[in-house]
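Scroll down for the structure; my scribbles are underneath it.
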Amino acid sequence: MRNLFSQVEAKLNEINGAADRKDNPVKFIDLSEGNYVGKENYTRLQTEANGYKTQLADANKEIKSYKDMDIDGIKANAAEWEQKYNADTASLNKQLDDQKKSFAAERYLDGQKIKSPLAKKSILRDFLSQDMKFREDGTFEGAEEYMKKIREQYPDDFEPEKKPEDKPEKKTWVRGTQGTYKPGVTSSDEAYRKQKYGNNKYYKGNKGE
């Protein structure tokens, strides 16, 4: 190996002996000793080193942020919010369902001929407390049976039901003009004379007069 270095050194001296190499001689450096690295390679290695250094710093910062985080606390908080959301959603849906049932019950009771608003309000509250099955068509299962029982218990709260045989009395229509008098059945002639001649001082109430 020494002979090789000696030969190289002798060759370099020969080259550097030329006139054009006095200001720019060729130098021999043992790279194994770390004496010289080309500028291009040095710049590349430095850039890579700086990049790795930056990445390592960012990684350490991110790792530290994870260490500082309360993961269990975050999980517990997320679970609480999920539970709250589900509870609020269920409460809202129940409120909407209750409103829908209440409106349907009011419409149903409107057709039951309840006498007073107070009675209707009381029956509505009791009606809804029965928790009857609410059908998709807006009706309640067992509503007719319930109303039958209520009518039997509190008949005075309802208008009387008209029976088919309860026909209204037929009134006799009499055509006439204003002031026309229709006499009754009893003493019709006498009543007519009194109505017509009652203010006549010569009228004595006798027939034929």
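All figures in this text were calculated on a predicted structure; none of them were measured in a lab.
Counting non-hydrogen atoms of other residues, nucleotides and ligands closer than 6.0 Å to NZ of Lys115 gives a total above 12. More than 12 heavy atoms of other residues, nucleotides or ligands sit less than 6.0 Å from atom CD of Gln99.
Here Glu144 contributes atom CD and Gln112 contributes atom CD; the two are 6.5 Å apart, rounded to the nearest 0.5 Å. Taken from NZ in Lys75 to CG in Asp70, the straight-line distance is 10.5 Å, to the nearest 0.5 Å. Residue Thr89 holds its OG1 atom at 6.5 Å from CG of Asn93, rounded to the nearest 0.5 Å. Atom-to-atom distance recorded for Arg107:CZ and Ser102:OG is 10.0 Å, nearest 0.5 angstrom. The CZ atom of Arg151 lies 5.5 Å from the CE atom of Met147; values are rounded to the nearest 0.5 Å. Summarising the geometry, atom CD1 belonging to Ile114 is positioned 8.5 Å from atom CG belonging to Leu124; distances are rounded to the nearest 0.5 Å.
Closest of all the heavy-atom pairs between Glu152 and Pro155 is O-CD, 3.7 Å. Between Gly138 and Ala104, the shortest heavy-atom distance links the atoms O-CB, 3.7 Å.
Within the 4.5 Å cutoff, side-chain heavy atoms of Lys120 are placed close to those of Leu109. You'll find the side chain of Lys84 stays beyond 4.5 Å of the side chain of Glu80, heavy atoms only. Side-chain contact check for Leu96 versus Lys100: every heavy-atom pair is 4.5 Å or farther apart. Between Ser91 and Asp88 the shortest side-chain heavy-atom distance does not fall below 4.5 Å. Looking only at side-chain heavy atoms (C-beta outward), Asp157 and Ile150 stay at 4.5 Å or farther from each other.
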- Query: Can Lys101 and Asp97 be said to form a salt bridge (charged side-chain N to carboxylate O under 4.0 Å, His left out), step by step?
  - Reply: CA-CA 6 Å; Lys101 290 180 181 179; Asp97 289 342; over 6 Å; no

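When each of Phe140, Phe103, Tyr108 is checked for a ring-ring contact (aromatic ring centres under 6.0 Å, His included) with Phe134, only Phe140 meets the rule.
Between Phe127 and Tyr146, the ring planes lie perpendicular to each other; the angle is over 60°, past the 30° to 60° tilted range.
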